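Worksheet: one structure, shown below.
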Amino acid sequence: MQLSNRVQEMQFSPIRKFNPLAIAAEKAGKKVYHLNIGQPDIETPAAFMEAVRAYEPKVIAYAESGGIPQMQDAIIGYYKNIGVELERKNIIVTTGGSEALLFGFLSILNDGDQAMMAEPFYTNYNTFALEAGGTIAPITTKAEDGFAYAKKELLEKSLTPNTKVICCISPGNPTGNVLTLDDMRVICEFAKEHDLWVMADEVYREFVYDGRKLASFAQLPEYADRVIIVDSVSKRFSACGARIGAIICKNEELMASVMKMAQCRLCSSTIDQIGAAALYTVDDSYYKAVNEEYCRRRDTVHEALMKIPGAVCQKPGGAFYMTVKLPVDDAEDLLNFLLTEFDEDGETVMYAPAAGFYATKGIGKDEIRIAYVLKEEDLKKAAYLLGKGIEAYNKKLGK
């Protein structure tokens, strides 16, 4: 018996595939500082569980395939606060942002089509595109340039006859790159010129620093017919396990296509939607406090990382990730060393090797993604251990 060619082309997640080594290290008594996964430690607002506890139906029934009205209305209210008018028909609630991305790709890609996006990018886009029969057409960016890509000349270089959509993550995972509203306009105008869709993954929208302003592709109504927004409560409200997201679009044909798949999978979790809708009742002080906390963590870990000789990383403008170029040839081999051979006083560190965040083979091997989701003191220690680990690793290799 054979497996499909499609599934055999898929990769394991570079974020999770070293977990067995980390588990073994911890069983052996080592403390591992986990910088590999974007699981926030900020407390989920109490409104979520309060709403769930207050929900006492006699039967936990299927929700509507597009989402419960409370959830859709909560999203409408949120977007109204950032100057965007939506109706329920513009929103389909999904099982996390991941399902929204998959539904988007399945709606617009045919076999052989390509999704253009800046690399490095969130690694699961490779899998989502493959599931829909497509591939990624990469826009290669550089750490030295802060991974900027909203430039017409860069977009032109990556355009192919099979390009169907431009995918944007802003603020970016894994780079922290932030698009301004002017950057978004450049991308949308390019998409209009070449008759492309724009898939805008904005799940980190609130996490922008240093005076940058929250921006959304939805704030450009003149391009609304081609813009697909992917959103989620996972990061915004530190509710990753709730698995509630949304696909948002004013193109009625696109939304009708998504609804076919939404009906096929019946519905997203009714109970989680009840809790997620309540999250949108938190006031602005919540967003402000979380933003300030992540900004401090970013500053702390960036300062510590820049003490490592040869490390390259411009301070990112948003999200809670940064991609760092290290003075090593193979970041995966280094991680293997850190988890199996290295420790200092019984402690070591874990990150996500960045090669798996690229579509172009052979690049990113000397880069890592870290998620600054730990307390500041832990981030300092993790960066220190990384520096010591690199020193020991290069010494082992005779460098």
Side-chain angles (χ1 to χ4, degrees), residues 4 6-7 10 48 51-52 55 57-79 84-113 115 122 124-125 127-134 164-165 167 197-203 217-218 224-234 236-237 239-280:
S4 71
R6 183 171 294 175
V7 78
M10 296 175 187
F48 183 95
V52 170
Y55 182 63
K58 299 296 183 184
V59 175
I60 299 175
Y62 288 124
E64 286 296 320
S65 295
I68 63 172
Q70 300 98 302
M71 187 66 216
Q72 291 179 313
D73 290 346
I75 293 171
I76 289 169
Y78 166 85
Y79 275 89
V84 177
E85 296 292 333
L86 295 175
E87 300 177 55
R88 289 179 184 172
K89 67 180 182 179
N90 306 136
I91 302 162
I92 293 178
V93 178
T94 57
T95 306
S98 295
E99 187 178 66
L101 287 166
L102 179 58
F103 282 176
F105 278 138
L106 287 169
S107 294
I108 62 180
L109 295 183
N110 292 312
D111 287 349
D113 282 344
Y122 176 50
N124 285 351
Y125 273 79
T127 302
F128 296 141
L130 281 168
E131 286 181 296
K164 196 76 169 287
V165 58
C167 297
W197 294 91
V198 176
M199 183 105 73
D201 182 340
E202 298 181 356
V203 303
F217 279 89
D225 63 323
R226 66 181 66 250
V227 169
I228 304 164
I229 303 288
V230 172
D231 214 334
S232 170
V233 303
S234 292
R236 178 175 297 124
F237 299 112
C240 298
R243 308 312 303 135
I244 295 296
I247 187 164
I248 300 166
C249 185
K250 291 189 175 181
N251 185 304
E252 293 187 7
E253 187 178 11
L254 182 283
M255 293 304 278
S257 298
V258 172
M259 182 57 78
K260 295 175 185 177
M261 290 172 280
Q263 290 179 349
C264 181
R265 62 83 162 108
L266 305 183
C267 69
S268 296
S269 165
T270 304
I271 292 177
D272 285 322
Q273 288 188 69
I274 292 291
L279 291 173
Y280 285 92

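This structure is a prediction, so every number in the text was calculated from the model and none was measured.
Sorted by first then second residue, the salt bridge (charged side-chain N to carboxylate O under 4.0 Å, His left out) pairs that include residues 86-100, not counting sequence neighbours, are Asp73-Arg88, Lys89-Glu252, Glu99-Arg265.
One distance of note links CG of Leu101 with SG of Cys167; it measures 7.5 Å at 0.5 Å rounding. Distance CD1/Ile60 to CD1/Ile271: 3.5 Å, rounded to 0.5 Å. Rounding to the nearest 0.5 angstrom, the gap separating the CD atom in Glu202 from the CD1 atom in Ile229 is 4.0 Å. Considering CE of Met259 and CD1 of Ile92, their distance stands at 4.0 Å, rounded to 0.5 Å. Remark: Asn90 CG to Tyr79 OH distance equals 11.0 Å, nearest 0.5 Å.
A side chain to side chain contact (heavy atoms under 4.5 Å, CB included) with Ile228 is found for one member of Ile248, Ile247, Asn251, Asp201 and no other, namely Ile247.
The shortest side-chain heavy-atom distance between Ile68 and Val93 does not fall under the 4.5 Å cut-off. The shortest distance between side-chain heavy atoms of Leu106 and Lys260 does not fall below 4.5 Å.
Partners of Tyr280 according to the ring-ring contact (aromatic ring centres under 6.0 Å, His included) rule, which considers only residues two or more places apart in sequence or in another chain, are Tyr78, Phe237.
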(message) Would Val233 and Met71 count as a side-chain contact (heavy atoms from CB on, under 4.5 Å) here? Give the steps.
(response) CA-CA 11 Å; Val233 303; Met71 187 66 216; 4.3 Å; yes
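The two atoms that bring Glu85 and Lys250 nearest to each other are O-NZ, 2.8 Å, heavy atoms only. Of all heavy-atom pairs spanning Leu266 and Ser65, the tightest one is O-OG, 2.7 Å.
Relative ring orientation between Tyr125 and Phe105 is described as perpendicular, the plane-to-plane angle rising above 60° on a 0-90° scale split at 30° and 60°.
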